[in-house]
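Computed from a predicted model, the values in this text were never measured in an experiment. Quick note on labels: first sequence line is chain A, next is B, and so on, each numbered from 1.
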Amino acid sequence: MVEQQTETWRDGLNPEQARAATHPGGPLLIAAGAGTGKTKTLACRVAHLIETGVPAERILLLTFTRRAAAEMLKRAGQMTASPAAISGSSNQHRSTRQFSDPSTQVWGGTFHAVSNRLLRMHGRALGLDPGFTVMDQADGADLMDLIRDEGGYAKGKSRDLRTGGWNDAGLKIPKSRSRFPKKDTLASIYSRAVNSGERLAEVLEKHFPWCKPEAEGIREILSAYVERKRSAGVLDYDDLLLFWKVLAEAPGVGELVADRFDHILVDEYQDTNHLQSDVLRAMRKTNPNITVVGDDAQAIYSFRSASIDNILSFPDHFPGAEIIKLERNYRSSAEILSTSNAVIAESHIGYGKQLWTDRTDGRKPGLIDCLDEEQQTHQVCERVLEHRERGVPLTHQAVLFRAGHHSAQLEIELTRRNIPFVKYGGLKFVESAHVKDVIAFLRILENPRDELGWWRVLNLLDGVGPATTRSFMNAIGVTSNGSEISPLTRLAEDLPAPGGAKREQVAALADVLSRCMEESPALSVTSQIEIIRSFYDPIVHRRYEAPHARIRDLEQLESLAESSKSRERFVVDLTLDPPASTQDLAGPPLIDEDYLILSTVHSAKGGEWDVVHVLHAADGMIPSDMATGDADEIEEERRLFYVALTRAKNDLYVYFPLRYYHRPRGLDDAHGYAQLSRFITPTVKDTFELQPAFTGSPAEEAPLDHRPVAEVTKYLSDLFSI
DNA sequence: TAGTCCGAGTTTTTT
DNA sequence: ACTCGGACTA
């Protein structure tokens, strides 16, 4: 990393970086390879714009996560005289700094967060009630499920559609197993169509061919889904983009919105999708000042409909675009670069950058053959500690893996050895049912028409299931539109016929909700959650086997709310920018401590560490079994591997466990032998130093590995069993 | 109509 | 290990 405390920021830039940072205006594409200082360049560009007189609040910086925006603006702030003007306006609840005048700050954040803000300001012009609530992907899937049940798609309808031909052929229908897509599939189909702009038929054909027989039912559900979101006053992630696009294209208000910004800068452009590129074009119909930064070799979000075409056809979308390539790598040793260059060389698309460095102090990356996952875990721990002893703190080391659960065993071992760690990616706090339940309370307080919120809350009552919930929602006017009286009031005033529910419990619920609505003095979000928990905690105790972990989560949620200005902000922030790591939740105590970073490769995007350990370099893990359908998917997995490798500055270790015990299918505990990841071709392998762990020092390994004995026993018992 | 139990099938990445 | 759906009971 280049020094920052130079006189002016310009001195720290190489010629290409400087040219990009001081580009006068018009469309600019910065094709920045991994580790070429793209964050710095973008931050400098922001600083440059402000120094040349562009008002901070007329700059829009779109990033992939809010964390990235905050980081970039922090760096820009260090370079200019008035740092406060730069720090992002969308500071989240966890941010400790407050700024005097939010109107004089750069707009920074994700597409979704920025859209949320614009729509609350201008949405009315589209007929959109600015009091909308936002739901995440899982909520969307739940709504799909609701509709799916009502329509009886899972049962009767789909069966009717399929039976005919089969009977004629004399085939036995396999016990009418419902093949109708599940809620998550429905949500993905919908999202894919919206984000890529492809028609339903095409989407099914290309990405969900096994769902084609149910196309008609799917179409009906998707239409109903759209309608239900509208009447509930709820937007999903896709709506945020869609409405932003419509807003920007609308005559009158569209110009108003676009004219807010003299300059738009977009980071990680390779991971934007068709819809996002439409948004940008709509925002830049007249003003051509747009800067995008990206690396086609690091495109890893096609599952979210991101399209590599966006970056490849940027010059067509924005005529007159200048392209600046950044190829000088400041991050990694030459040896690490050789390895990563060799990996990406096997792929043949894009702007074909060749990364180089003049560093000469490197060591060859290590490829560590392990007997099995247990040994891999052991090896990682040993190496991590070794590096710490040699002076590399844990925070400067990261362990990367393809899927959230790949680190499960390692986490157990780290805990056992008292090695502190923080994990990014994988299953998230806000996705757990009990947290969602509490958020559902907040959502109906915020937006009493929020059908899904009511659905969750009412279903909590004893003796209340789907049917009673539906009649409740009708009775208090959640679903039946038109009444001026809020469902909250109606629940409190005349309790609906309880059905199977206990009258007192319904009354208690109504009481909790109205206490949260107290206006003078307005209650803090924390107090509201406290009230909700007085009702909900007992339910957790009754419902779950081990309630304590869940109660702790709720305590965390409560304290998370402390720094939150309003209920609206809290709920929106939780869905648009959920805590990304275990650390975000753990609070201050961890901050001074040293801890190891664990992260999915996706969440590691943009990060860099002195020492990087990549787990499970076996076929089936990298590339994932789930993503070997077609050539494009494989290429994306290759780029994913490339992203993992290029995070390393000084030392890189890639681990390959030869044997897996818990093969997904194997109920008979049969193990399987894995293949080395197909991305480690012979050429690539040559760039590594091979370090077979199990032929190492036997004295060290032997006591730790009881497997061989178990193997022999099993072998013999198999032999005799037939 | 709710709640429970069992068997079958699935298992990624994230705003 | 987990979720989903179907069947069964109260």
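Here A:K182 does not reach the OP1 or OP2 of C:dT3: none of its side-chain N or O atoms lies under 4.0 Å away. Considering only side-chain N and O atoms, A:R402 lies nowhere under 4.0 angstrom from the phosphate OP1 or OP2 of B:dT11. One finds no side-chain N or O of A:T65 lying less than 4.0 angstrom from the OP1 or OP2 phosphate oxygen of B:dT15. OP1 and OP2 of B:dT13 both lie 4.0 Å or more from every side-chain N or O belonging to A:S624.
Legend: residues meeting ring pair (Phe, Tyr, Trp, His ring centres under 6.0 Å) with A:H616, ordered by chain and number and at least two apart, are A:H406, A:Y660. In terms of the ring pair (Phe, Tyr, Trp, His ring centres under 6.0 Å) criterion, residue partners of A:F64 (sequence neighbours excluded) are, by chain and number, A:Y301. Listed by chain and residue number, A:R228, A:R470 satisfy the side-chain hydrogen bond (donor to acceptor under 3.5 Å, both in side chains) test with A:E150 (two or more places apart in sequence, or in another chain). Evaluation of the side-chain hydrogen bond (donor to acceptor under 3.5 Å, both in side chains) rule for A:R281 yields A:S277, A:D278 as partners, not counting sequence neighbours. Under the rule for a ring pair (Phe, Tyr, Trp, His ring centres under 6.0 Å), the partners of A:Y269 that lie at least two apart in sequence or sit in another chain are A:F314.
At a threshold of 4.0 Å, the pair A:K38-A:E268 counts as salt-bridged, since one of the basic side-chain nitrogens sits closer than that to a carboxylate oxygen. Between A:K182 and A:D145, none of the side-chain N atoms (NZ, or NE/NH1/NH2) sits under 4.0 Å from a carboxylate O, so this pair counts as no salt bridge. Using a cut-off of 4.0 Å between Lys/Arg side-chain N and Asp/Glu carboxylate O, A:K229 and A:E451 are scored as not salt-bridged.
When the C1' atom of B:dT1 is taken as reference, atom CG of A:D149 falls 14 Å away, rounded to whole Å. Between A:E431 atom CD and B:dT12 atom P there is a gap of 12 Å when expressed in whole angstrom units. Following rounding to the nearest Å, A:L400 (CG) and B:dT12 (C1') show an atom-to-atom distance of 16 Å. Distance, A:N273 CG to B:dT14 C1': 12 Å, rounded to whole Å. A:H405 places its NE2 atom 12 Å from the C1' atom of C:dC2, with the value rounded to the nearest Å. Atom P of nucleotide B:dT14 and atom CD of A:E268 are separated by 14 Å, given to the nearest angstrom. Taking atom CE of residue A:M144 and atom P of nucleotide C:dC4, one finds them 15 Å apart after rounding to whole Å. Counting to the nearest Å, the P atom of B:dT12 and the CD1 atom of A:I634 are 18 Å from each other.
Residue A:T575 is out of contact with every strand shown, counting any heavy-atom pair closer than 4.0 Å. A:F111 comes within 4.0 angstrom of no nucleic acid atom, judged by non-hydrogen atoms across all strands.
Distances were taken from every side-chain heavy atom of A:P466 (C-beta onward) to each of B:dT15, B:dA2, C:dG5; the shortest belongs to B:dA2. Side chain of A:T468, nearest nucleotide from B:dT13, C:dC4, B:dT1: B:dT1.
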Atom pairs under 3.5 Å: protein N/O with N/O of nucleotides 3-5 of chain B:
residue: B:dG3; atom: OP1; partner: A:G463; partner atom: N; Å: 2.9

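Stacking between A:F303 and B:dT13 is shown: the ring centroid lies under 5.5 Å from the centre of the six-membered base ring, and the planes differ by under 30°.
For A:T110 and A:A467, each mapped to the nucleotide of DNA chain B holding its nearest heavy atom, the one lying further toward the 5' end belongs to A:A467.
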